[in-house]
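Down below is the structure, laid out as structure tokens.
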Amino acid sequence: MACLPSSWKEKVVDLIYWRDIKRSGVVFGASLFLLLSLSVFSIVSVLAYIALALLSVTISLRIYKGILQAIQKSEEGHPFRSILESNLAVPEDLVQKYCNVALNHVNCTVKELRHLFLVEDLVDSLKFAVLMWVFTYIGALFNGLTLLIVALISLFSIPVIYERHQTQVDHYLALVNKNLKSTSDLILSKVPGLKRKAE
């Protein structure tokens, strides 16, 4: 299955592990600000405010540079000329590449959903049912934006915490996994018909 190029993976890892504090701070702060704004205002209002803020900056800069050129009688021209003259078209091969990646993910997801909903493996389908049941309670307590905000904060904090305290975390995770496996094996051995197929 196709996946992200290694250079993108490295950039994402550097971002969430705060290797470049300024860049990570800007991405985290802007993303959190956007999600918090969406939790208070509609998406139309948020997009309109972002567009107005951007226009305020660009118009102010254009007027400032125009006045500066008139006072100094210079011929610098438009302050955004290099951006206006650059080619911002998205290459067709790049679109094709990411469409293929997306198509592979969609096909994999459809195959897995078929496996779960058509009960190819009873244990997997029961686990999925329990997960969906838990999600009904999570959905009753939180809305989607709240979960996105929690996920964003977790994405930028948990990897760093794990990196700093890896030994202790691994020790406790091993204990939890051992207990979960023993409990799961006990349940599977007691309930008839729930034994997993030999793989």
Side-chain angles (χ1 to χ4, degrees), residues 1-40 46 97-98 101-102 104-117 119-199:
M1 181 184 291
C3 57
L4 287 173
S6 61
S7 63
W8 277 94
K9 287 180 183 177
E10 291 169 7
K11 288 179 182 177
V12 170
V13 167
D14 288 347
L15 199 64
I16 62 175
Y17 277 94
W18 296 78
R19 305 277 190 251
D20 181 357
I21 293 177
K22 285 182 183 176
R23 180 174 289 159
S24 294
V26 166
V27 170
F28 175 69
S31 303
L32 187 60
F33 179 75
L34 178 66
L35 290 175
L36 290 172
S37 299
L38 286 172
S39 69
V40 176
V46 170
K97 175 181 155 187
Y98 285 108
V101 171
N104 285 337
H105 287 298
V106 168
N107 287 336
C108 184
T109 302
V110 167
K111 184 179 177 185
E112 188 62 30
L113 289 174
R114 181 184 67 188
H115 168 80
L116 293 169
F117 281 106
V119 196
E120 189 175 333
D121 184 350
L122 182 61
V123 174
D124 286 344
S125 295
L126 286 174
K127 286 179 182 177
F128 184 66
V130 169
L131 180 66
M132 292 300 106
W133 179 69
V134 169
F135 278 169
T136 62
Y137 285 99
I138 292 172
L141 295 173
F142 306 105
N143 65 21
L145 278 173
T146 305
L147 291 176
L148 282 175
I149 291 168
V150 169
L152 178 72
I153 292 170
S154 300
L155 180 68
F156 278 87
S157 60
I158 290 175
V160 175
I161 292 169
Y162 177 74
E163 188 177 52
R164 290 186 181 154
H165 305 288
Q166 186 173 359
T167 308
Q168 298 96 323
V169 172
D170 285 346
H171 172 71
Y172 289 115
L173 281 178
L175 289 174
V176 169
N177 280 337
K178 182 180 175 186
N179 288 336
L180 284 175
K181 176 138 178 54
S182 64
T183 305
S184 174
D185 289 344
L186 181 67
I187 291 171
L188 287 175
S189 68
K190 299 290 183 188
V191 179
L194 284 185
K195 291 185 180 174
R196 184 180 281 280
K197 296 184 286 190
E199 298 184 21

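Keep in mind that this is a model prediction, so the values were computed, not measured.
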Apply side-chain contact (heavy atoms from CB on, under 4.5 Å) to residues Phe156 and Leu32 and explain how you reach the verdict. CA-CA 11 Å; Phe156 278 87; Leu32 187 60; over 6 Å; no
Sorted by chain and number, sequence neighbours left out, salt bridge (charged side-chain N to carboxylate O under 4.0 Å, His left out) with Lys181 holds for Asp185
Looking at every non-hydrogen atom in both residues, tell me the closest pair between Ile16 and Val160 and how far apart they are. O-CG2, 3.7 Å
Nearest heavy-atom pair of Leu116 and Asp124: which atoms, and what distance? CD2-O, 3.6 Å
Does the side-chain contact (heavy atoms from CB on, under 4.5 Å) test come out yes or no for Leu148 and Leu152, once each step is laid out? CA-CA 6 Å; Leu148 282 175; Leu152 178 72; over 6 Å; no
Let me confirm one number: the [atom1]-[atom2] distance from [X] to [Y], rounded to the nearest 0.5 Å.
X: Glu120; Y: Lys111; atom1: CD; atom2: NZ; result: 8.5 Å
X: His165; Y: Tyr172; atom1: NE2; atom2: OH; result: 12.5 Å
X: Ser31; Y: Leu155; atom1: OG; atom2: CG; result: 9.0 Å
X: Glu112; Y: Phe128; atom1: CD; atom2: CZ; result: 9.0 Å
X: Leu175; Y: Leu180; atom1: CG; atom2: CG; result: 11.0 Å
X: Lys127; Y: Asp121; atom1: NZ; atom2: CG; result: 8.5 Å

Tell me, yes or no, whether the heavy-atom count around [X] atom [atom1], taken from other residues, nucleotides or ligands under 6.0 Å, exceeds 12.
X: Arg19; atom1: CZ; value: yes
X: Tyr162; atom1: OH; value: yes
X: Leu186; atom1: CG; value: yes

Apply side-chain contact (heavy atoms from CB on, under 4.5 Å) to the pair Ser154 and Val150, showing each step before the final yes or no. CA-CA 6 Å; Ser154 300; Val150 169; 4.1 Å; yes
Between Ser182 and Asn179, is any side-chain donor less than 3.5 angstrom from a side-chain acceptor? no
Taking the side chain from Ser125 and the backbone from Leu122, do they hold a donor-acceptor pair closer than 3.5 Å? no
Can any side-chain N or O of Ser37 pair as donor or acceptor with the backbone N or O of Val46 at less than 3.5 Å? no
Between Asn143 and Thr146, does the side-chain contact (heavy atoms from CB on, under 4.5 Å) criterion hold? Intermediate values first, please. CA-CA 5 Å; Asn143 65 21; Thr146 305; 2.8 Å; yes
Any non-hydrogen side-chain atom of Leu145 less than 4.5 Å from a side-chain atom of Leu35? yes
Side chains of Ile153 and Phe28 in contact at under 4.5 Å (non-hydrogen atoms): yes
